[in-house]
Enquirer: 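Handing you a structure now.
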Amino acid sequence: MVFENITEQSSFSLRNQERELRDFGTEEIEDFLEDMLVTPRQFVVLTAPKAQQQIRYVQACVHDDQGIETELGVEEADGTHLYYKICQEEECFQIFLDFFADRLDVNMEEYQPVLF
């Protein structure tokens, strides 16, 4: 499944099922991720104002007992494609913080396409 590319925004956005923030810092990102770890079926999405190295957003949710499913929304000409990998808490937090700081260095060989 391919999603429509998102239009450019003026700032980052951070959201989960309960709320969305436009004015936030690393502390709020960590709070949202920590909440995800203890709240069933919670997810977190961090969207950049525009794509960074083709990555428009990162999102995560707890995937049963396997770890955290961390996904990348990669913009391509035909739309946004989702790729995922299962990681542990520390790596997931680092992916979000690096993305927020525009220093995320991704090895796409570690990710697989999300299948619906």
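Counting begins at 1 with the first residue of the sequence. Predicted model, so just to flag it, every value in this text is computed and none were measured.
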Enquirer: A side-chain contact here means heavy atoms from C-beta on lying under 4.5 Å apart; do Ile68 and Glu89 qualify?
Expert: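 They are in contact (side-chain heavy atoms under 4.5 Å apart), so the answer is yes.
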Enquirer: Less than 3.5 Å apart, which donor and acceptor atoms pair up between the side chains of residues 42-54 and the rest of the protein, not counting sequence neighbours?
Expert:
unit_1: Gln42; atom_1: OE1; unit_2: Gln17; atom_2: N; d: 3.3
unit_1: Gln42; atom_1: NE2; unit_2: Asp35; atom_2: OD2; d: 3.0
unit_1: Gln52; atom_1: NE2; unit_2: Phe99; atom_2: O; d: 3.4
unit_1: Gln53; atom_1: NE2; unit_2: Leu104; atom_2: O; d: 3.4
unit_1: Gln54; atom_1: NE2; unit_2: Glu75; atom_2: O; d: 2.9

Enquirer: Any pair with a residue in residues 97-107 that passes salt bridge (charged side-chain N to carboxylate O under 4.0 Å, His left out), sequence neighbours left out, goes on the list, sorted by first then second residue, please.
Expert: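 As it turns out, the salt bridge (charged side-chain N to carboxylate O under 4.0 Å, His left out) pairs with a partner in residues 97-107, which skip direct neighbours, are Asp98-Arg103.
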Enquirer: Taking side-chain contact (heavy atoms from CB on, under 4.5 Å) as the test, write out the residues that go with His81, two or more places apart.
Expert: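 So His81 forms a side-chain contact (heavy atoms from CB on, under 4.5 Å) with Val2, Glu76, Asp78, Tyr83.
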Enquirer: Quick one: side-chain hydrogen bond (donor to acceptor under 3.5 Å, both in side chains) partners of Tyr57, sequence neighbours excluded?
Expert: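 side-chain hydrogen bond (donor to acceptor under 3.5 Å, both in side chains) list for Tyr57, sorted by chain: empty.
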Enquirer: Would you name the heavy atoms of Cys92 and Thr70 that are closest together and state the gap between them?
Expert: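 Nearest heavy atoms, Cys92 then Thr70: SG-OG1, 3.6 Å.
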Enquirer: Between Arg56 and Thr7 (side chain of the first, backbone of the second, donor and acceptor by atom type, cut-off under 3.5 Å), is there such a pair?
Expert: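 Pair found, side chain donor or acceptor close to backbone of Thr7.
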Enquirer: Quick one, Thr26 and Phe93 - any side-chain contact, counting heavy atoms below 4.5 Å?
Expert: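 Contact flag for Thr26/Phe93 side chains = no.
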Enquirer: When rounded to the nearest 0.5 angstrom, what distance separates CG in Asp31 from CG in Leu21?
Expert: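 These two atoms lie 10.0 Å from each other.
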Enquirer: Taking all atoms of both residues into account, what is the closest heavy-atom pair of Glu20 and Ser13, and its distance?
Expert: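 Minimum heavy-atom contact is OE2-CB, 3.6 Å.
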Enquirer: Any pair with a residue in residues 4-17 that passes salt bridge (charged side-chain N to carboxylate O under 4.0 Å, His left out), sequence neighbours left out, goes on the list, sorted by first then second residue, please.
Expert: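 Counting only pairs at least two positions apart or across chains, no salt bridge (charged side-chain N to carboxylate O under 4.0 Å, His left out) contact touches residues 4-17.
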Enquirer: Honestly curious: do Leu72 and Phe3 fall in one hydrophobic cluster under the side-chain, below-4.5 Å linking rule?
Expert: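 Different hydrophobic clusters.
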Enquirer: I'd like to check the salt bridge (Lys or Arg N to Asp or Glu O under 4.0 Å) partners of Glu28; sequence neighbours left out, ordered by chain and number.
Expert: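 Partners of Glu28 by the salt bridge (Lys or Arg N to Asp or Glu O under 4.0 Å) criterion come out as none, since no residue qualifies.
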Enquirer: So which atom in Ile86 and which in Gly67 form the shortest heavy-atom distance, rounded to 0.1 Å?
Expert: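 Smallest interatomic distance, heavy atoms only, reads CG2-CA, 3.9 Å.
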Enquirer: Let me see the working for Val62 and Met36 under side-chain contact (heavy atoms from CB on, under 4.5 Å), right down to the final yes or no.
Expert: CA-CA 7 Å; Val62 176; Met36 174 192 72; 4.3 Å; yes
Enquirer: For a quick test of your reading: what N or O donor-acceptor pairs under 3.5 Å do the side chains of residues 106-116 make, sequence neighbours left out?
Expert:
unit_1: Asn107; atom_1: OD1; unit_2: Glu109; atom_2: N; d: 3.1
unit_1: Glu110; atom_1: OE1; unit_2: Lys85; atom_2: NZ; d: 2.7
unit_1: Gln112; atom_1: OE1; unit_2: Tyr84; atom_2: OH; d: 3.3

Enquirer: Can you check whether Gln66 reaches His63 side chain to side chain, under 4.5 Å on heavy atoms?
Expert: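 A side-chain contact exists here, since the closest heavy-atom pair is under 4.5 Å.
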Enquirer: Can you tell me which residue pairs pass the ring-ring contact (aromatic ring centres under 6.0 Å, His included) test with a partner in residues 23-42, sequence neighbours excluded?
Expert: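 Every pair satisfying ring-ring contact (aromatic ring centres under 6.0 Å, His included) with a residue in residues 23-42: Phe24-Phe100.
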